[in-house]
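Beneath this line is the structure, given in structure tokens, with notes to follow.
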Amino acid sequence: QVQLVESGGGLVQAGDSLRLSCTASGRTFSSHFMGWFRQAPGTEREFVAAISRSGVNTYYADSVKGRFTISRDNAKNTMYLQMNSLKPEDTAVYYCAARLREPTISDVYRNDYDNWGQGTQVTVSS
């Protein structure tokens, strides 16, 4: 089990960039499949991006493909989400999540992760 802490959120204008970080406690970070989700007010939490244990395989929601990049540094127990060309519709609380069990392809996109951070607010003004 890992504990997750997100950082890097803030208020930006449309077209700007932000980089979110998710730092994990413990020595098993590299054993976890990791993901980013987001939740806007009045909506359900939705998948944003995910990355395999080694970082070789990445997955993205269609809405962020080509604008967001997920990465991880297992030596630093940290995962990142580089967000470029931000849009007002990207406004949400962003959560990082960890999953110890190897996911199926469908599991990647579902909320079925084992550990969650507390979230960081991203607000994009038009």
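Rounding to the nearest 0.5 Å gives a distance of 5.0 Å between CZ of F33 and OH of Y59. If you take CD1 on I51 and NE2 on H32, they are separated by 15.0 Å, rounding to the nearest 0.5 Å.
Note on L4: it clusters hydrophobically with V122, by side-chain heavy-atom contacts below 4.5 Å among ILVMFWY residues. L81 and F47 are not part of a single hydrophobic cluster, where members link through side-chain heavy atoms under 4.5 Å apart. Transitive grouping of hydrophobic side chains (ILVMFWY, heavy atoms separated by less than 4.5 Å) brings Y60 and L86 into a common cluster. Linking Ile, Leu, Val, Met, Phe, Trp and Tyr whenever their side-chain heavy atoms come within less than 4.5 Å puts M83 and V64 in one cluster.
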Identify every side-chain donor-acceptor pair in residues 88-102 under 3.5 Å, counting partners at least two apart or on other chains, and give the distances.
unit_1: D90; atom_1: OD1; unit_2: R38; atom_2: NH1; d: 2.9
unit_1: D90; atom_1: OD1; unit_2: R67; atom_2: NH2; d: 3.0
unit_1: D90; atom_1: OD2; unit_2: R67; atom_2: NH1; d: 2.7
unit_1: D90; atom_1: OD2; unit_2: R67; atom_2: NH2; d: 3.4
unit_1: D90; atom_1: OD2; unit_2: K87; atom_2: N; d: 2.8
unit_1: T91; atom_1: OG1; unit_2: P88; atom_2: O; d: 2.9
unit_1: T91; atom_1: OG1; unit_2: V124; atom_2: N; d: 2.9
unit_1: T91; atom_1: OG1; unit_2: V124; atom_2: O; d: 3.4
unit_1: Y94; atom_1: OH; unit_2: R38; atom_2: NH1; d: 2.9
unit_1: Y94; atom_1: OH; unit_2: D90; atom_2: O; d: 2.6
unit_1: R99; atom_1: NE; unit_2: R101; atom_2: O; d: 3.0
unit_1: R99; atom_1: NH1; unit_2: D112; atom_2: O; d: 2.6
unit_1: R99; atom_1: NH1; unit_2: D112; atom_2: OD2; d: 3.4
unit_1: R99; atom_1: NH2; unit_2: D107; atom_2: OD2; d: 3.1
unit_1: R101; atom_1: NE; unit_2: D114; atom_2: OD1; d: 3.4
unit_1: R101; atom_1: NH2; unit_2: D112; atom_2: O; d: 3.4
unit_1: R101; atom_1: NH2; unit_2: D112; atom_2: OD1; d: 3.3
unit_1: R101; atom_1: NH2; unit_2: D114; atom_2: OD1; d: 2.8
unit_1: E102; atom_1: OE1; unit_2: R53; atom_2: NH1; d: 2.1

Using a 3.5 Å cut-off and no angle test, enumerate the donor-acceptor pairs between side-chain atoms of residues 8-19 and protein atoms at least two apart in sequence or in another chain.
unit_1: D16; atom_1: OD2; unit_2: Q13; atom_2: N; d: 3.1
unit_1: S17; atom_1: OG; unit_2: N84; atom_2: OD1; d: 2.9

Stepwise side chain to side chain contact (heavy atoms under 4.5 Å, CB included) check, M34 with C22 = CA-CA 10 Å; M34 299 295 295; C22 172; 4.2 Å; yes

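Sorted by first and then second residue, the salt bridge (Lys or Arg N to Asp or Glu O under 4.0 Å) pairs with a member in residues 115-126 form an empty list; sequence neighbours excluded.
Residues R110 and V108 have side chains not in contact (no heavy-atom distance under 4.5 Å, counting atoms from C-beta outward). The closest side-chain heavy-atom distance from F29 to N74 is below 4.5 Å.
The closest donor-acceptor contact from the side chain of S25 to the backbone of Q3 lies under 3.5 Å. Counting only distance, with no hydrogens or angles, the side chain of Q118 and the backbone of V5 share no donor-acceptor pair below 3.5 Å. Judged by distance alone, with hydrogens and angles left aside, the side-chain atoms of S106 form no donor-acceptor pair with the main-chain N or O of T104 at under 3.5 Å.
Classification of the F37-Y113 ring pair by plane angle, with boundaries at 30° and 60°, yields perpendicular.
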